Amino acid sequence: AQTVTQSQPEMSVQEAETVTLSCTYDTSESNYYLFWYKQPPSRQMILVIRQEAYKQQNATENRFSVNFQKAAKSFSLKISDSQLGDTAMYFCAFMLKETSGSRLTFGEGTQLTVNP
Amino acid sequence: GAVVSQHPSRVICKSGTSVKIECRSLDFQATTMFWYRQFPKQSLMLMATSNEGSKATYEQGVEKDKFLINHASLTLSTLTVTSAHPEDSSFYICSARRGWVRGEAFFGQGTRLTVV
């Protein structure tokens with residue numbers, strides 16, 4: 001079974017600064033996806049960024065980037081130029097690249113607060 | 001992007017009654033839908049996975065007779081909480097996947113169920 005661990009229950013950052021959220025996972029498989037989802041106070045789950053395990057290049061989406069270390073099974077999210085709207089719960093998630101029925105395994109979440 | 005609509009967003013029901021939550025994929029055909037439950041400040045807990053036209057697969061510990069899932073079409077899945085009790089009060093979220101498009105799942109807005 002796969003597990004995802006987020007060791008930082010809460011984090012805060014000043015507006016315009018950079019913050020990194022940590023995520024580690026455990027799997028014996030080699031073909032999978034990793035995701036970061038954001039859940040703002042509205043509780044709508046929003047995909048922030050996706051990484052395919054076979055791709056060595058770290059994914060980036062505007063101000064969001066990841067540091068994917070496959071051997072270490074680490075997948076951290078860096079948010080640059082933090083904005084007030086980035087305040088949300090962030091979930092790291094893992095999914096095997098098997099079939100359409102593959103499930104997402106979520107970490108416990110990190111509550112990020114961006115302070116003005 | 002793909003849109004998943006979940007209805008209702010909030011519902012209050014009396015103990016012993018049943019309540020149905022709908023999850024619709026508005027602009028794509030969802031081969032697989034997932035139902036989650038989320039307690040305050042916690043992660044998403046997968047309840048069941050459903051494929052169109054077949055019975056849902058429930059996670060261990062989830063009562064299938066209490067949480068009835070119907071995935072009757074490629075655009076609609078329903079979750080019925082039967083004989084609801086106060087302990088069923090929670091936030092329920094659905095997500096849908098359209099085939100195998102980069103593994104991405106799209107989430108509904110969630111339903112806050114309160115049983116009184």
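In this text the structure is predicted, and so the values were computed from the model without any measurement. Per chain, numbering begins at 1; letters A, B, ... match sequence-line order.
The distance from the CZ atom of B:Phe91 to the CZ atom of A:Arg43 is 4.5 Å, given to the nearest 0.5 Å. Once rounded to the nearest 0.5 Å, the distance linking OG of A:Ser42 with CD of B:Gln109 reads 9.5 Å. Going from atom CG of B:Leu44 over to atom OG1 of A:Thr105 covers 11.5 Å, rounded to the nearest 0.5 Å. Expressed to the nearest 0.5 Å, how far CE of A:Met45 lies from OH of B:Tyr36 amounts to 8.0 Å.
Using a 4.5 Å cut-off between non-hydrogen atoms, no part of residues 2-10 of chain A approaches chain B.
Among B:Ser95, B:Gly108, B:Ser50, B:Gly110, the residue making the largest number of heavy-atom pairs under 4.5 Å with chain A is B:Gly108. Contact count against chain A (heavy-atom pairs under 4.5 Å) is highest for B:Glu59 among B:Gln6, B:Gln42, B:Glu59.
When the side chains of ILVMFWY residues are joined at heavy-atom separations under 4.5 Å, either directly or via intervening members, B:Phe107 and B:Leu113 end up in two distinct hydrophobic clusters. Both B:Val11 and B:Val81 are members of a single hydrophobic cluster when ILVMFWY side chains are connected at heavy-atom separations under 4.5 Å.
Only the side chain of B:Leu46 comes within contact range of chain A, with at least one heavy atom under 4.5 Å from a heavy atom of that chain. If you measure heavy-atom distances from A:Phe106 to chain B, the contacts under 4.5 Å come from both the backbone and the side chain.
Looking at A:Gln39 and B:Ile93, their side chains come closer than 4.5 Å, going by heavy atoms from C-beta outward.
A donor-acceptor contact shorter than 3.5 Å is absent between the side chain of B:Ser43 and the backbone of A:Gly109. Remark: side-chain polar atoms of A:Gln111 are not paired, donor with acceptor, to backbone N or O of B:Lys41 under 3.5 angstrom.
Around NZ of A:Lys73, the count of heavy atoms belonging to other residues, nucleotides or ligands within 6.0 Å exceeds 12. Other residues, nucleotides and ligands contribute over 12 non-hydrogen atoms within 6.0 Å of the NZ atom of B:Lys66. In the displayed structure, B:Glu87 atom CD is contacted under 6.0 Å by more than 12 heavy atoms of other residues, nucleotides or ligands.
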